[in-house]
Amino acid sequence: MWRELLPLGRHPASCGYRRFAWSGVDGDCRAWFQEQARARGLTCETDRNGNQWAWLGDPAAGDAVVTGSHLDSVPDGGAFDGPLGVVSAFAALDELRGRDARFTRPLGIVNFGDEEGARFGLACVGSRLTAGQLTREQAHRLTDGEGVTLPRAMEAAGYDPDAIGPDPERLARIGSFVELHVEQGRALDLSGDRVGIASAIWPHGRWRFDFRGEANHAGTTRLADRRDPMLSYAETVLAARREARLAGAVATFGKIAVEPNGVNAIPSLVRGWLDSRAADQDSLDAVVTGVEKAAGEYAAAHGVELAVVRESFTPVVEFDHALRDELARILGKDTGLTVPVLGTGAGHDAGILSGSIPTAMLFVRNPTGVSHSPAESATEDDCVAGVLALADVLEGLACT
């Protein structure tokens with residue numbers, strides 16, 4: 001499975017992945033998922049929001065156990081973030097069938113659409129729509145960097161954008177959701193454990209900073225006469241690093257748009273996107289407030305106008321304690337080992353669904369801690385350990 005999926009969307013120059021929502025490559029990934037389901041005799045369906053589901057048993061029976069993740073990527077992302085959870089889900093089913101496990105609850109494997117938000121700027125679109133955390137009207141206003149709207153992209157891929165929206169009936173059929181994911185950090189590498197259990201997702205969000213100045217000639221305009229928004233932006237980037245360090249948090253300006261974007265032109269507009277995350281809400285608020293205050297001061301000093309827009313926000317997500325404890329009990333049952341429980345600064349579909357159904361996450365060791373990069377990695381032995389752990393969990397939850 002891994003070898004079949006590996007070349008899809010891989011960019012030859014960067015060796016990273018460009019699997020963006022509703023693109024041709026996204027369609028190739030969806031076809032791969034459908035083929036894996038068909039080969040195992042599973043019933044495959046795509047819901048109104050573009051999420052793919054493969055079912056063993058009748059989901060209408062209710063109290064289903066679901067696992068899976070996503071197949072899309074960030075720009076030039078790694079091979080493991082998302083796909084490891086989907087591949088491991090199919091592999092865990094194979095393992096359970098090899099054990100002659102008897103399922104007493106329906107089992108679902110899911111590929112959530114547009115988890116990374118790489119194309120339209122909002123993460124977890126598929127799961128947000130399903131959980132009612134994103135309305136149809138809000139989704140229809142999403143636009144990519146080329147000016148293509150989400151509805152137009154969905155139509156081009158053969159889907160109905162007018163059908164999207166909350167899906168409470170589907171969620172009501174799910175008793176628990178367990179997402180396996182490569183760890184996006186080095187906690188397991190430092191502890192020497194192959195697999196861990198998630199405790200919570202840090203509160204996090206995205207803020208857009210618009211610095212508006214005055215376009216002018218780069219060679220003829222005196223420094224004293226300039227209203228250069230790039231200066232304010234650059235100083236704000238440094239302020240974000242400072243505020244994050246003081247709060248024990250993280251803050252990143254990872255995306256920028258410049259107008260008119262000419263080498264010999266002073267910009268009229270610099271638009272930068274801030275991503276910030278912290279272990280608690282107070283720390284996150286301190287970072288964002290500090291960055292906004294500094295940005296305002298820098299903008300005023302350079303005669304630049306500033307507007308800040310919060311584009312997305314997710315409060316702290318505590319995974320279901322009972323389900324988390326059950327995972328720990330199952331994984332330690334025959335070995336007596338204590339599986340490490342750790343928090344994460346990354347958002348996931350499991351976090352979005354946690355407000356509607358019991359959710360939990362398993363992490364697989366990442367030896368470098370690198371993620372959202374072609375350097376993202378996990379050893380084959382650790383991936384197999386993740387599959388076996390997931391199989392044990394699914395057996396404990398869905399089988400006699």
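Just so you know, residue 1 is the first one in the sequence shown, and it goes up from there. Small disclaimer: the values here were computed from a predicted structure and weren't measured.
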**Student:** Going by the side chain to side chain donor-acceptor pair (under 3.5 Å) test, which pairs reach into residues 160-185, not counting sequence neighbours?
**Tutor:**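 Side chain to side chain donor-acceptor pair (under 3.5 Å) check on residues 160-185 returns Glu45-Arg170, Ser69-Glu179, Asp81-His181, Asp81-Gln184, Asp167-Arg170, Gln184-Ser371.
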**Student:** Which donor-acceptor pairs under 3.5 Å do the side chains of residues 345-360 make with protein atoms, sequence neighbours left out?
**Tutor:**
residue : atom : partner : partner atom : Å
Asp349  : OD1  : Ser127  : OG           : 2.6
Ser354  : OG   : Gly351  : O            : 2.7
Thr359  : OG1  : Ala350  : O            : 3.2

**Student:** Could you tell me if Thr379 and Asp381 have a donor-acceptor pair between their side chains, going purely by distance under 3.5 Å?
**Tutor:**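 Note: Asp381 and Thr379 side chains miss the donor-acceptor criterion.
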**Student:** Any donor-acceptor pair under 3.5 Å linking the side-chain atoms of Ser283 with those of Asp285?
**Tutor:**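 Distance-only check fails for Asp285 and Ser283.
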**Student:** Below 30° counts as parallel, above 60° as perpendicular, anything between as tilted: where do the rings of Trp2 and Phe80 land?
**Tutor:**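 Trp2 and Phe80: tilted rings.
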**Student:** Under 4.0 Å between a side-chain nitrogen and a carboxylate oxygen: does that hold for Asp320 and Arg324?
**Tutor:**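 No, no charged N to carboxylate O under 4.0 Å.
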**Student:** When you measure from the side chain of Gln138 to the backbone of Thr135, do you find a donor-acceptor pair of N or O atoms at a distance under 3.5 Å?
**Tutor:**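 Yes, because the side chain of Gln138 sits within donor-acceptor range (under 3.5 Å) of the backbone of Thr135.
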**Student:** What I want to find out is whether Arg119 reaches Asp114 closely enough, with some N-O distance under 4.0 Å, to be called a salt bridge.
**Tutor:**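 Result for this pair is no, no salt bridge flagged.
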**Student:** With Glu292, which residues qualify under salt bridge (charged side-chain N to carboxylate O under 4.0 Å, His left out), at least two apart?
**Tutor:**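 Result, salt bridge (charged side-chain N to carboxylate O under 4.0 Å, His left out) vs Glu292: none returned.
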**Student:** Can I get a per-line list of side-chain donor-acceptor pairs under 3.5 Å for residues 229-239, giving both atom names and the distance, sequence neighbours left out?
**Tutor:**
residue : atom : partner : partner atom : Å
Ser232  : OG   : Tyr298  : O            : 3.4
Glu235  : OE1  : His302  : NE2          : 3.1
Thr236  : OG1  : Ser232  : O            : 2.7

**Student:** Could you tell me whether Arg152 sits above the aromatic face of Trp22, with NZ or CZ closer than 6.0 angstrom to the six-membered ring centre and within 45 degrees of the axis?
**Tutor:**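 Not satisfied by the 6.0 Å and 45° rule.
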**Student:** Run the side-chain donor-acceptor check on residues 310-317: report pairs under 3.5 Å with partners two or more places apart or on a different chain.
**Tutor:**
residue : atom : partner : partner atom : Å
Glu311  : OE1  : Trp273  : NE1          : 3.0
Glu311  : OE2  : Arg208  : NH1          : 3.1
Glu311  : OE2  : Trp273  : NE1          : 3.4
Thr314  : OG1  : Arg128  : NH2          : 3.4

**Student:** Give a yes or no on whether a salt bridge exists between Asp392 and Lys333, defined as a side-chain N under 4.0 angstrom from a carboxylate O.
**Tutor:**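 Looking at Lys333 together with Asp392, the answer is no, because their closest N to O distance does not fall below 4.0 Å.
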**Student:** Using a 3.5 Å cut-off and no angle test, enumerate the donor-acceptor pairs between side-chain atoms of residues 258-265 and protein atoms at least two apart in sequence or in another chain.
**Tutor:**
none

